[in-house]
Amino acid sequence: MKKEYQRRYLAKVKKQKQGAVHYNAQQELLSTLMKHAPSVEQMEHAETNIVAALMNLVTNTGLGRFPEITTLIDNWQAAANLDPNAPRPTIISNIINEVNQNVTEDDMSRIVEEFLQSWNIEAKLFACASCGMKAFEMGADQAHSVPIDQLSSLLMSDTDMEELLSIPLKFRSGDPKTNNTSATAIAFQSIAASIGESNNPQGDQATAQEIPTDSPPEELLEAESNCINIEQSAEPINEFEENHHLLYSAFPHLFPLGKGLRRTNSVPQKDVYHMENQWSGKFAKCLRFQFLLFDQMQQHSAARAVKASVLSNTVSMNKFSEMIANPAFIGQLEHAKNHPNTTEAKALLAKMTPHISLVNRKVPYSAAERKAAVGHLMNMVRYYGPPTIFNTISQDDIHGLLNIRLTLNMKNNVTFPATEDGFAEAHRQQQTEFHSISIHPSALRILLAEGPAFAANMYYKTSNNVFSHLFGTPPDSAGKKKTVPLAHRKAGIFGTPIAAFGCTEEQSRGSLHMHSLFWGGLTPSMLQAVGGIPILARHIASAINRTVMAQLQPEIHVRHLLRDLHNESPAHAALFKCNNPVTEKRKFIQDFQRTVDLSNVHVHGPSCHHTRTGEVCCRFGKPTHLREETGVEQIVAIKADPKKPDISFEVLPAIQPPAEATTTKRNYSNIPVAIRKTE
């Protein structure tokens, strides 16, 4: 008997075969031999048609978005000498139309509105009465009221209620503190006794430390009721089978009832996110708990990667087994550890690396995973071509209003920090205290350091919103990802989105930032081909000016200099809400000017002289040459000595015709990925 999904699939195939035959604009049938891009109708059934799936894969690379470029290159000199007042050839008009439609004002208005719905510095912070998680009311996270009798998860059994009420309040409200009292002495005595019993089953109590006390019997009884007896054993706990017991025992103040985890082995990332975002903040602020979960995530990922490698790559595992079974292997390994720079040590490392790297690259946040990401990036460049935009995302975590509010303890859903309540204005006025909370920068740094999980959570949300709404390329971690045909994709701030790649790094102060690459919009191959044609260059400059600005108003420069002279510190740009660039253009320009004035004006400092380049000049190349308007320049690389890696650059006085070797003239239907040279 066929399953339901099989019947639906067969019905869809039958309906597809009975449908109309579709052609593209050049009246070509769908096939891998077609010379022009297929139409949207031809690629509608990519799930059931292998040809449509292959052509969809090729089209989504974006390498065929400007088909007229190949013809233009063949007639480049004639196009460069066209009279601006003469009628334009059809090919020139088509390229101009595509450039002008790259990003329109309507696109920019839509993009900003979508972004502001998912990122609002004045958003309300609410805690769920059912699961206890807290989140800002923006984007997909929305709050709604439910009668309390419908919250079944709040109902506790009488046994659980009695157990919870029997636990001292201080152990339910946070990390238990130890004080120099008789109660502490009883606690230490109880722990020492349990250690002694586990290590000496015959009853020898010599190892248990006796702590005398002269407290009255009433105080001793009260002290015993205020202590948690943590039993220790010489036998280690298997965290792959009894991880729940390990966490309950090591963190009784986080799991007062000794229950709550859904699994007995690895803690799923969804459960970690659930615990870190509890309204009380106990899990997020317990650094020992955070480090333990992170260490387990890496260990368990490595174990799963080893298992997968053993099952899938038997050749490599057999060679590795033979290597370590060699009686001389341990001696060679010991010698390599003590003498890492010898030829034998390097040879042993080279022999082991291919087998170890198969496992290490799957371990999250490891050096091997980072190294493997470079290979993934190079594959993307071979598949999509050179990227269009290099971008850096650096969040102002100290002055990020959402970061701070998320870190503070919540009392309810109606007062600060659940509501903004003038918090931003207090920061803009540079007040030092708000609602009895110190908001001086030094105090805010301490606050974030006590709960780093909250800052990391907001960085994750910021990055997701930038990729999803501004770039138009939702990251893989954003949820179920369905490939949208290129023709159906909405424009991002840089144009039609094709792909993106991001890499998170840590700054010297411990904050996170990301470097990212974006494929799409006005591609480098197109800019290289038409940049030297004056008619097209003007339209390209206008399109770039709609999305990128590289100038400040003169009064902003003067204000910046006066502020530096008087050693004044203005309000940070993160304290202001963004405005719509179309409906509130004047306010949006003020937002832009304020942000650039505070964050993007280069000031020479010690970091300018790092690396070899910094020994002779600013490694950022500042100051740079200024231009009155957006234009095109051609830069060529010059290598004086082939034996040295040093490369210099030269700006040519005029744009040269593009070399045929730099153009993309292959049939992408037959060869979607460039053929690697074997020379």
Side-chain angles (χ1 to χ4, degrees), residues 125 127 131-136 170-178 228 230 236-237 239-240 242-304 363-367 369-370 395 397-398 400 402-410 417 444-464 477 504-514:
L125 177 64
C131 65
M133 289 183 64
K134 60 180 178 180
F136 287 101
K170 66 178 181 178
F171 290 106
R172 286 184 273 144
S173 59
D175 196 351
K177 308 295 182 181
T178 57
I228 292 181
I230 303 176
I237 296 177
E239 65 182 35
F240 293 96
E242 300 178 307
N243 196 37
H244 64 304
H245 181 62
L246 168 65
L247 296 177
Y248 296 153
S249 303
F251 304 99
H253 59 290
L254 300 182
F255 304 95
L257 294 180
K259 62 174 65 176
L261 295 174
R262 296 187 301 162
R263 294 169 55 175
T264 61
N265 45 19
S266 302
V267 181
Q269 287 302 305
K270 287 185 178 180
D271 292 3
V272 174
Y273 183 82
H274 180 92
M275 290 185 287
E276 288 179 347
N277 288 276
Q278 286 294 302
W279 69 275
S280 62
K282 293 193 300 182
F283 293 92
K285 293 181 180 180
C286 183
L287 300 185
R288 292 190 301 120
F289 180 71
Q290 294 290 327
F291 280 113
L292 176 60
L293 290 183
F294 180 81
D295 187 55
Q296 286 189 354
M297 177 184 66
Q298 289 194 314
Q299 291 185 49
H300 297 184
S301 298
R304 286 190 289 268
V363 179
Y365 305 102
S366 63
E369 184 195 44
R370 186 181 183 89
Q395 183 178 346
D397 50 357
I398 301 300
L402 302 184
N403 296 356
I404 304 301
R405 288 172 56 196
L406 195 64
T407 307
L408 297 172
N409 295 327
M410 293 184 65
L444 296 180
R445 291 187 179 91
I446 296 175
L447 194 64
L448 287 176
E450 292 176 348
F454 294 120
N457 183 14
M458 297 314 299
Y459 167 80
Y460 173 78
K461 289 183 178 294
T462 304
S463 303
N464 272 1
S477 59
T504 296
E505 294 181 349
E506 188 181 67
Q507 296 174 338
S508 57
R509 57 189 174 94
S511 299
L512 302 176
H513 70 283
M514 175 179 288

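Because the structure is a prediction, the values reported are computed rather than measured.
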> To the nearest 0.5 Å, what is the distance between OG1 (Thr462) and CG (Asn457)?
Replying inline: 9.5 Å
>> Would Met458 and Leu406 count as a side chain to side chain contact (heavy atoms under 4.5 Å, CB included) here? Give the steps.
In response: CA-CA 9 Å; Met458 297 314 299; Leu406 195 64; 3.6 Å; yes
>> With a 4.5 Å cut-off on side-chain heavy atoms, are Arg262 and Asp271 touching?
In response: yes
> Donor-acceptor pair, Gln290 side chain versus Phe283 backbone, under 3.5 Å?
Replying inline: yes
> Closest heavy-atom contact between Ile398 and Ile404?
Replying inline: O-CD1, 3.8 Å
>> Return the CG to CG distance between Asn403 and Leu408, rounded to the nearest 0.5 Å.
In response: 11.0 Å
> Looking only at heavy atoms, which two atoms of Cys286 and His253 are closest? And how far apart?
Replying inline: SG-NE2, 3.9 Å
>> Using every non-hydrogen atom in the two residues, find where Ser463 and Met514 come nearest and quote the distance to one decimal.
In response: OG-CE, 4.1 Å
> Is any side-chain heavy atom of Phe289 less than 4.5 Å from a side-chain heavy atom of Leu247?
Replying inline: yes
> Can you tell me if Tyr248 uses its side chain to pair, donor with acceptor, with the backbone of Gly260 under 3.5 Å?
Replying inline: yes
> Closest approach of Pro452 and Ala284, non-hydrogen atoms and distance?
Replying inline: CD-O, 4.5 Å
> How far does CG of Asn464 sit from OH of Tyr459, to the nearest 0.5 angstrom?
Replying inline: 10.0 Å
>> Quick check on side-chain hydrogen bond (donor to acceptor under 3.5 Å, both in side chains): which of His244, His300, His245 does Glu239 satisfy it with?
In response: His300
> So does Phe294 have more than 12 non-hydrogen atoms from other groups sitting under 6.0 Å from CZ?
Replying inline: yes
>> Under the criterion side chain to side chain contact (heavy atoms under 4.5 Å, CB included), I'd like the reasoning laid out for Lys282 against Leu254: C-alpha separation, chi angles, the key distance, then a yes or no.
In response: CA-CA 7 Å; Lys282 293 193 300 182; Leu254 300 182; 3.8 Å; yes
>> Under the criterion side chain to side chain contact (heavy atoms under 4.5 Å, CB included), I'd like the reasoning laid out for Arg405 against Phe136: C-alpha separation, chi angles, the key distance, then a yes or no.
In response: CA-CA 10 Å; Arg405 288 172 56 196; Phe136 287 101; 3.8 Å; yes
> Given the rule in the side chain to side chain contact (heavy atoms under 4.5 Å, CB included) test, do Leu512 and Gln395 qualify, once you have shown the distances and angles that lead to the verdict?
Replying inline: CA-CA 7 Å; Leu512 302 176; Gln395 183 178 346; over 6 Å; no
> For Phe454, is the NZ or CZ atom of Lys134 found under 6.0 angstrom from the centre of its six-membered ring and inside 45 degrees of the ring axis?
Replying inline: yes
>> Looking at every non-hydrogen atom in both residues, tell me the closest pair between Asn409 and Ser280 and how far apart they are.
In response: OD1-O, 3.6 Å
> Say you draw a straight line from SG of Cys131 to CD of Gln278; how long is it, rounded to the nearest 0.5 Å?
Replying inline: 6.5 Å
> Do Gln296 and Asn243 meet the criterion of a side-chain donor-acceptor pair at a distance under 3.5 Å?
Replying inline: yes
> So, for Leu261 and Met275, which heavy atoms are closest and what is the spacing to 0.1 Å?
Replying inline: CD2-SD, 4.2 Å
